[in-house]
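To start, the structure under review is shown below, and the notes come after it.
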Amino acid sequence: MDDAAHKQASGTEQEAREGFSPAAYPVGSTPQDPAAAILDVLRQGERFLVCSHTRPDGDAVGSMLAMGMLLEQMGKRAYLVASDRVPAIYRFLPGADKIRHLLRVHGLFDAAILLECDSLERSRVRGLEPYFHINIDHHSTGRNFAHLNWIDRDATSVGEMVHRLVKAAGATVTPEMARCLYTTILTDTGGFIFGAVRESTFALSAELAHAGADPIAIAREIYFSTAESRLRLLGAALSTLHREGPLAWLWVTHEDMVRAAASEEDCEGIVNYAVGIAGVDAAAFLRELPEGRIRLSLRSKGRLDVAAIAVGLGGGGHENAAGVTLDGPMDRAIEQILGVLRIADEKAGHSGA
């Protein structure tokens, strides 16, 4: 967000919503054609906030950038905001430097567009409350918290849904936009191995490649640009690897993080090493936070719905990939998640042994 936006007074709720009346869409609205309804709002407005969830991943970053590009093509002003910095592996994306790291926003905006969030709180950006809210999500745990909601649980990524908006608006998928959108699909499917992957996923990927996305170059940036700190942290995590039949888990302490000089983004994907073991159906990776709480990442090959497990613990996500933050200490958190996983595994037809 530029300095001019910061200088504008937030004023009353009515002022903050100036430019579009929420009367047509009370909180919880889900139109029959949500994409058309969203485009109607975008066409009426001039200034839009675009946010995603805290600890942005490839889908969050890529879809924010693509949404910003769409708004610019429509002659609108887009302000891209995230509560956490863009991870290093996604800074190669065109326009990544336009995503501002802010914890609070204010000013006059026609709407705040929240991408793959199940609530305003999920963004960790303060000051969003007064605005007209547009919610675009594909998580199985998505909720209709906004004035205008579009949740498609069959979409591989929110980027796929942004692509539909681009096409519906008659906008152009530029090479820069194609790179961002392809990244959302590649990362949210774990390299096309989980999620809602189907024939149309590859058709869209081919379309984006034709529009200018380079699949090889993008894969190299994401999967073959590993920081040394991440490898050192991975070594620490693998030394804790445990398995119990179809379940596996591993963890790192805050001391491990400090010793490896690792950042939060270095933890991304570590859980996949556990779920990738032959015969393992679900895995957990636990990371101790500086204040002692435990960040939990869950992965499944499909037999167990880890999103449902995460929701039961206060988190959310996809059926194959989910997360939640638990109370510490580590031993307690491990026993807590193992207890839940064992029950889920038994219900799925295995003894858990």
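Hydrogens, waters and symmetry mates are skipped; everything else that's a heavy atom, side chains included, is used.
- In summary, the side chains of N144 and T30 do not present any donor paired with an acceptor at a separation below 3.5 Å, with no hydrogens or angles considered.
- Rounded to the nearest 0.5 Å, atoms SG (C267) and CG (L233) are 5.0 Å apart.
- Heavy atoms from other residues, nucleotides or ligands lying under 6.0 Å from CD of E291 number more than 12.
- Side-chain N or O atoms of R230 include one that pairs as donor or acceptor with a backbone N or O of E268 at under 3.5 Å.
- R259 pairs by the salt bridge (charged side-chain N to carboxylate O under 4.0 Å, His left out) definition with E255, D256, not counting sequence neighbours.
- To the nearest 0.5 Å, atoms CE (M330) and OG1 (T240) are separated by 8.0 Å.
- Heavy-atom neighbours of R85 CZ from other residues, nucleotides or ligands within 6.0 Å: at or below the threshold of 12.
- Between the side chain of S52 and the backbone N or O of L115, at least one donor-acceptor pair lies under 3.5 Å.
- Ring geometry for Y131 versus F109: interplanar angle over 60°, hence perpendicular rather than tilted (30 to 60°).
- Counting non-hydrogen atoms of other residues, nucleotides and ligands closer than 6.0 Å to CZ of R126 gives a total of 12 or fewer.
- The nearest pair of heavy atoms linking T141 to G317 is OG1-N, 3.0 Å.
- The backbone N or O of I218 sits nowhere less than 3.5 Å from a side-chain atom of R179 that would complete a donor-acceptor pair.
- A 6.0 Å sphere centred on CZ of R243 holds more than 12 heavy atoms belonging to other residues, nucleotides or ligands.
- Crowding of H210 atom NE2: a count of heavy atoms from other residues, nucleotides or ligands under 6.0 Å not exceeding 12.
- Under a cut-off of 6.0 angstrom, the local environment of CZ in R232 is sparse, with at most 12 non-hydrogen atoms contributed by other residues, nucleotides or ligands.
- Checking side-chain atoms of H147 against main-chain N and O of A111 turns up no donor-acceptor pair under 3.5 Å.
- Within a 6.0 Å radius of CZ in R293, more than 12 heavy atoms belonging to other residues, nucleotides or ligands are found.
- Between the CG atom in D59 and the CG atom in L181 there is a gap of 9.5 Å [rounded to 0.5 Å].
- Salt-bridge annotation for D345 and R303: present, with a side-chain N of the basic residue lying under 4.0 Å from a carboxylate O of the acidic one.
- In this structure, F202 has its ring center under 6.0 Å from that of F192.
- Using a 4.0 Å cut-off between charged nitrogen and carboxylate oxygen, R342 and E244 count as a salt-bridge pair.
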For this session: Begin with the C-alpha distance, continue with both residues' side-chain angles, and end with the deciding distance and a verdict on salt bridge (charged side-chain N to carboxylate O under 4.0 Å, His left out) for K98 and E72.
Result: CA-CA 13 Å; K98 294 182 180 180; E72 289 177 0; 3.8 Å; yes

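- Salt bridge K76/D110: absent, no basic N to carboxylate O contact under 4.0 Å.
- Partners of A78 by side chain to side chain contact (heavy atoms under 4.5 Å, CB included), not counting sequence neighbours, listed by chain and number: L71, L80.
- Under a 3.5 Å cut-off, the side chain of H53 and the backbone N or O of C117 do not form any donor-acceptor pair.
- Classified by interplanar angle (parallel below 30°, tilted 30° to 60°, perpendicular above 60°), the ring pair H138/H318 is tilted.
- To the nearest 0.5 Å, the span separating SG on C180 from CE on M64 amounts to 11.0 Å.
- Between E319 and R153 there is no salt bridge, since no side-chain N of the basic residue sits under 4.0 Å from a carboxylate O of the acidic one.
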